[in-house]
Amino acid sequence: MKFFENNFTYDYSFPAVSLAYFLRYPNPYSRHVLTTDVIDRYVDPKTERLHTIRLHLKKSKIPSGILKLLPKGMGGSDSSGQSYILEKTTVDAKEGWMETESRNMEWTGILSVVEKQCYKRLLSQEDRLALDGLDKSEQTHVKTTVTFRSRLGQGKLLGKKKQDTGEHEEEEPRKGFFASFSTAGIQRTIELIGVSRTKEAVLKSKQGMHIVLERLRSGGVVGVLEGMRQDREAAFGPDGPWKRVWLHGKDRSIENDK
């Protein structure tokens, strides 16, 4: 199991950052996100906290570095990758914090990735009022923690115990791909690849959030929605990359039906 942690501070108020979080798809740095659907959303009557569950469909594929470690065909088609991400969020507007958890729903046996974020308002309500309500003086801190866990090969190298006349004996490890590799070594390599990719993803996520925050600052929610429309057209318009991906996938499904 591997861990990645990152701390960052936005020079924007907590209400702006939390709103931008829910409006961050699509943006120029997240055009791999195909759809976002709200599964559940409610306000707890006791705590007055907003709870949301969303499902993101992303264009994704297993990294080439991981594919090299897998038996042939185990990772699926290199061009077929679409994956679902389950996201849960809790927002406390009064106390000024938001907690999120996102996890992959595909390839979990190869690599399970769980990302948790905690957004906190740095200035108290009293401090903000003392600054004459200048939201630009308020900052929002976010701590990101990502856990990587690979279970690839478990049960392959380890012999199964069987009972024979009251005694346990181990079967010989199965021959084949995993026979010459250490299960722990393969898992560790896959987890390290996940950490490396996450560092780049976190940077792009910050850049995307900054664009959404600037749209919010300059044009309000209308400005954000207009930016989302432009990004959607750029990604899914007649000449967009995902339009070609969709057509390619449609053609393949027709061939499979024949």
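Keep in mind that this is a model prediction, so the values were computed, not measured. Sequential numbering from 1 along the given sequence is applied to the chain's residues.
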query = Where do N7 and V142 land on the side-chain contact (heavy atoms from CB on, under 4.5 Å) test, with the steps shown first?
reply = CA-CA 6 Å; N7 289 273; V142 55; over 6 Å; no

Would you say that [X] contacts [Y] through its side chain, given a criterion of any heavy-atom pair below 4.5 Å between the two side chains?
X    : Y    : result
R121 : E138 : yes
W107 : S83  : yes
T90  : W97  : yes
L34  : K58  : no
P28  : R31  : yes
F148 : R197 : no
F14  : M98  : yes
V221 : L19  : yes

Salt bridge present between [X] and [Y] (N-O < 4.0 angstrom):
X    : Y    : result
R229 : E226 : yes
E191 : R149 : no
E87  : R24  : yes
R217 : E214 : yes
D92  : R49  : yes

[Y] ring center within less than 6.0 Å of [X] ring center:
X    : Y    : result
Y119 : Y21  : yes
H56  : Y25  : yes
Y10  : H141 : no

How close do [X] and [Y] get, counting heavy atoms only, and between which atoms?
X    : Y    : value
S102 : I85  : CB-CG2, 4.0 Å
N104 : V113 : OD1-N, 2.8 Å
S150 : I110 : OG-O, 2.7 Å

ask   = Is the backbone of P15 close enough, under 3.5 Å, to the side chain of S18 for a donor and an acceptor to pair up by distance?
value = yes

key: Any donor-acceptor pair under 3.5 Å from T140 side chain to K120 backbone   = no

With [X], which residues qualify under side chain to side chain contact (heavy atoms under 4.5 Å, CB included), at least two apart?
X    : answer
T189 : L69, I193
T147 : M1, F3
I53  : I39, D40, L86, K88

Distance, nearest 0.5 Å, that separates [atom1] of [X] from [atom2] of [Y]:
X    : Y    : atom1 : atom2 : value
I211 : D231 : CD1   : CG    : 7.5 Å
L203 : T198 : CG    : OG1   : 12.5 Å
L57  : Y84  : CG    : OH    : 4.5 Å
M209 : L23  : CE    : CG    : 9.5 Å

ask   = Would V114 end up clustered with L111 when hydrophobic side chains under 4.5 Å apart are linked, directly or stepwise?
value = no

inquiry  = Is there a continuous path of hydrophobic side-chain contacts, each under 4.5 Å between heavy atoms, that joins L213 to V224?
reply    = no

request  = Apply salt bridge (Lys or Arg N to Asp or Glu O under 4.0 Å) to R103 and list each qualifying residue two or more places apart in sequence or on a separate chain.
outcome  = E101

query = With E106, which residues qualify under salt bridge (Lys or Arg N to Asp or Glu O under 4.0 Å), at least two apart?
reply = none

Residue pair Q117, T145: steps toward the side-chain contact (heavy atoms from CB on, under 4.5 Å) verdict = CA-CA 6 Å; Q117 291 185 301; T145 305; over 6 Å; no

message = With a sphere of 6.0 Å drawn around CD of E5, does it hold more than 12 non-hydrogen atoms of other residues, nucleotides or ligands?
response =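 Atom CD in E5 is crowded, with more than 12 foreign heavy atoms closer than 6.0 Å.
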
inquiry  = Could you check whether atom NZ of K116 has more than 12 heavy atoms from other residues, nucleotides or ligands sitting under 6.0 Å from it?
reply    =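 Count not over threshold, so no.
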
task = Check whether NZ of the Lys or CZ of the Arg R54 lies under 6.0 Å from the centre of the six-membered ring of F22 and within 45 degrees of that ring's axis.
result =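 Pair R54/F22 does not count as cation-pi.
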
inquiry  = Quick test of your reading: applying ring pair (Phe, Tyr, Trp, His ring centres under 6.0 Å), list the pairs with at least one residue in residues 183-206, sequence neighbours left out, ordered by first then second residue.
reply    =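 Qualifying pairs, neighbours excluded: none.
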
ask   = In this structure, which one of K143, K206, K199 forms a side chain to side chain contact (heavy atoms under 4.5 Å, CB included) with N6?
value =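 Looking at K143, K206, K199, the match for N6 under the side chain to side chain contact (heavy atoms under 4.5 Å, CB included) is K206.
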
